[in-house]
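Each chain gets a letter, A, B and so on, in the order the sequences are listed, and its residues count up from 1.
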Amino acid sequence: RRGLAVAAGPPSTRQLREAEEAAPVFQYAGKAAKRKDRVFVWGFSFSGALGVPSFVKPDAGWKKPRRIQPTPYRLETEEKISSAACGYGFTLLASNTRDITKVWGMGLNKDSQLGFQRSRRDQTKGYEYVLEPSPIPLPLEKPQQTQVLQVSCGRAHSLVLTDSEGVFTMGNNSYGQCGRKVVEDEIYSGSHLIHQLKEFDSRVVQVVCGQDHSLFRTKKGTVYACGWGADGQTGLGHYNITSVPTKLHGDIVGVNIIQVSSYGDCCLAVSDEGDVFGWGNSEYLQLASVTETTQVNVPRHLPFKIGKVKEAACGGTGNAVLTEEGNVFVWGYGILGKGPNLIETAVPEMIPPSLFGWSDFSPDTRVAHVRCGLSQFAALTNRGELFVWGKNVRGCLGTGRMEDQYFPWRVTVPGEVVDVACGVDHMVSMVRSF
Amino acid sequence: LNAAPGRAPRQQVRFLPAPGPGGGGAVELVAARVPVLADHPLVRGPRFKKLKIGAGHRLDVKASGVFVLGIGHGNKLLTDLYNCHLTRVYTVGGLFGKATDDFSDTGNLVEKTTFDHITREKLERILAVIQGTNQKALLLYSNIDMKTQEAYELAVKGLIRPMGKSPPIITAVRCLQFALPEFQLEIHCLHETQQYLRKMVHEIGLELKSSAVCTQVRRTRDGVFTVHDALPRTQWNLQSIREAIRNCQLKVETELERTL
């Protein structure tokens, strides 16, 4: 320390070095700092599907309600969300915790697709719009042991898959899509009924909701379906409704199916050998490679020569598959992702990998997952980047712009995207922070 | 330069009187090539009194690397090269654990932080995000309508580039070396300044929940000119300069033809 007798001057190099060494060291993250899991939502918010009440009912008088959230917005959740699904105006979030509350829902509840949400104003009635992630009470036998594996949402119904207690269904059942007998003039709004399905040949490992039908995939590789069948989407050989989950036959008999996908009225299934099977609506050339008819009610093998298929995703009018090499193939109708000139094709066309970030600098970049909304596609790369393309219905692409996107475009998310769920006009993604 | 053999003096045709074939008295005009006296070096003086030298993209005092100069006609070529909007490659060295006010290691210390939680994986993740956001900026500032088939085809080939003014854009980043607390990156960028690159190093430090300063910025490529074409200090003499100009002429011409 200098006394008053020494004149002040610019600090010498030695003084600077000493000051630097004596400076305190701050620690922002320790060696064992864990990456946090977060949920990001974006899209149309007035249905409550984004789970942020201040978008619909602002907390200050001068603020305006936010109709569309054009870029990813962080949603605070109580638990780590392992599975999410977007329906037509509502969202389900599920966590694989052993606590009593495992599933949360938000958005439209006019058909009790989010279960019964008791209204605080009138204890006998339920909420028709749920603006915040609210717990869904499931009638579990062992609530502190069962874990929820996956959730799926359709137009007005939802399915919850558990590890030991089968599948729970709730919501609209006018076509038997909940797997129980259709009751005439049933009022679905404010209903407490949650149906449990247990009779399958083996444990159910994946549940998928189409618009008004449900598909169940079991461990043995068989597929069951119930619900509306006028487009043949139940794949049971007829065009009537089915109210009990029934096994599918056709070209998938004896084939070990490892993934099923559907969102509109068309369905795709992938076998362990990399073959693709499809059934349902084919008005948009989705199944035109095997048949000229517009409805196919029996699963048919789609003979595509694109290599071994790893994952398939079905949208409303367009389909996408992901091969083992990491290439994405699209076909069908609508904005398929190859520029404005490609509107429809019956044969799968590959999207160039350079659009997904592949370049000479990063030749290992490849697509890891594909997902479909009603008229949008989403692809996740192995670097944790999210690419979206398709019709930008009310801002659901999350790009920040309101125009349609004709080729894959990056969505800026502050973190590594682990999974994404696409809906009609909103999307939910599960992200790990850096 | 003035000592080198200059241009041969212009020749002109003049009709000079010469003794005619007839002999004695008759004068005939004979055409002969005679050098113009105005071109004679003693009349004109030294050829080069001043040289116009222009500089290419700016290089900081603290940075080093390839620096392009144009002489005479080369100045016009420099403007054309600038309008080509070619990328530049830098090797940037950084140091974790410190934060200074001017983002380099010679500034005043602002903060010291721990950095032992940083791994190469985390760094590469951050670099991937930076590349992603800059890709978006690339597409946005290129002023192409995203809805056209043309835009799609250019995007597939990776040829979309902002052809006008734009904020600094990084087209590619790669981690060359990583040895805590030091690391080295290779950055390909457009319309940047060296201070922006130093700020980028500082921001990378912040993203990794620590802090970083930039120790070295070295330009390894400026458009078509690489370190191999550049002349080190020992070779700053006339011979090497002329050779270098000759070598680069072809490259510059092809690049200009390709873009404009």
Side-chain angles (χ1 to χ4, degrees), chain A residues 11 13 16-17 19-35 335 337-342 351-362 365 381-387 389 399-401 403-417 432-434, chain B residues 97-100 105-119 121-140 145-160 171-175 186 188 204-211:
Chain A
T13 322
L16 274 174
R17 203 162 22 99
E20 214 175 278
E21 264 150 46
V25 179
F26 291 93
Q27 184 181 51
Y28 290 110
K31 251 193 149 138
K34 286 204 189 71
R35 297 169 69 184
I335 301 180
K338 289 193 73 161
N341 287 359
L342 189 70
I351 296 190
S354 56
L355 289 172
F356 291 117
W358 181 92
S359 71
D360 297 322
F361 271 111
S362 45
T365 309
T381 60
N382 56 356
R383 285 185 185 273
E385 292 186 310
L386 174 63
F387 287 84
W389 66 99
T399 53
R401 294 155 60 216
E403 294 131 23
D404 300 335
Q405 186 55 34
Y406 289 92
F407 55 89
W409 183 272
R410 258 186 197 85
V411 176
T412 326
V413 176
E416 190 186 322
V417 184
R432 263 177 136 195
S433 70
F434 292 126
Chain B
K98 258 173 47 163
T100 54
D105 51 350
T106 50
N108 296 321
L109 183 70
V110 166
E111 198 180 53
K112 273 185 11 182
T113 56
T114 58
F115 49 82
D116 45 0
H117 61 277
I118 302 179
T119 60
E121 232 184 63
K122 287 192 192 167
L123 182 66
E124 300 207 330
R125 235 179 274 140
I126 304 279
L127 295 181
V129 166
I130 292 178
Q131 263 190 298
T133 40
N134 277 282
Q135 279 283 73
K136 273 178 77 171
L138 199 66
L139 295 174
L140 281 175
D145 189 5
M146 288 298 141
K147 292 194 181 157
T148 55
Q149 183 66 16
E150 198 191 305
Y152 164 71
E153 270 156 28
L154 283 176
V156 171
K157 286 192 227 143
L159 288 179
I160 293 191
T171 50
V173 201
R174 198 163 50 158
C175 178
E186 184 184 310
H188 296 234
I204 290 177
L206 289 179
E207 271 296 311
L208 288 166
K209 299 194 183 71
S210 173
S211 50

Find the distance between [atom1] ([X]) and [atom2] ([Y]) and round it off to the nearest 0.5 Å.
| X | Y | atom1 | atom2 | answer |
| --- | --- | --- | --- | --- |
| A:Arg35 | B:Lys122 | CZ | NZ | 8.5 Å |
| A:Tyr406 | B:Lys147 | OH | NZ | 6.0 Å |
| B:Asp145 | A:Glu403 | CG | CD | 7.5 Å |
| B:Gln135 | A:Thr412 | CD | OG1 | 12.0 Å |

> Which one, B:Glu153, B:Met146, B:Lys157, leads in non-hydrogen pairs under 4.5 Å with chain A?
Replying inline: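 Among the listed options, the one with the most contacts to chain A is B:Met146.
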
Grab the two heavy atoms, one from [X] and one from [Y], that are nearest each other, plus how far apart they are.
| X | Y | answer |
| --- | --- | --- |
| A:Arg410 | B:Gly132 | NE-CA, 3.1 Å |
| A:Tyr28 | B:Thr114 | N-OG1, 4.4 Å |
| B:Ala155 | A:Phe407 | CB-CE1, 3.9 Å |
| B:Tyr152 | A:Pro352 | OH-CD, 3.5 Å |

> Under 3.5 Å, side chain of A:Ser354 to main-chain N/O of B:Val156, donor-acceptor pair present?
Replying inline: yes

> Given that the side chain runs from C-beta out, which part of B:Thr148 has a heavy atom under 4.5 Å from chain A: side chain, backbone, both or neither?
Replying inline: backbone

>> So for A:Thr365, is it side chain, backbone, both, or neither that comes closer than 4.5 Å to the heavy atoms of chain B?
In response: neither

> Which region of A:Pro353, side chain (C-beta onward) or backbone (N, CA, C, O), has a non-hydrogen atom less than 4.5 Å from a non-hydrogen atom of chain B, or is it both or neither?
Replying inline: neither

> With sequence neighbours left out, what residues match B:Glu186 under side-chain contact (heavy atoms from CB on, under 4.5 Å)?
Replying inline: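 side-chain contact (heavy atoms from CB on, under 4.5 Å) check on B:Glu186 returns A:Phe361, B:Val89, B:Arg174, B:Leu176, B:His188.
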
>> If we define contacts as heavy-atom pairs under 4.5 Å, which of A:Glu385, A:Arg401, A:Lys338 has the most with chain B?
In response: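 Ranked by contacts with chain B, first place is A:Lys338.
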
>> So that I can tick it off, tell me whether A:Glu416 and B:Arg125 are bridged by a salt bridge, with the cut-off set at under 4.0 angstrom between side-chain N and carboxylate O.
In response: yes

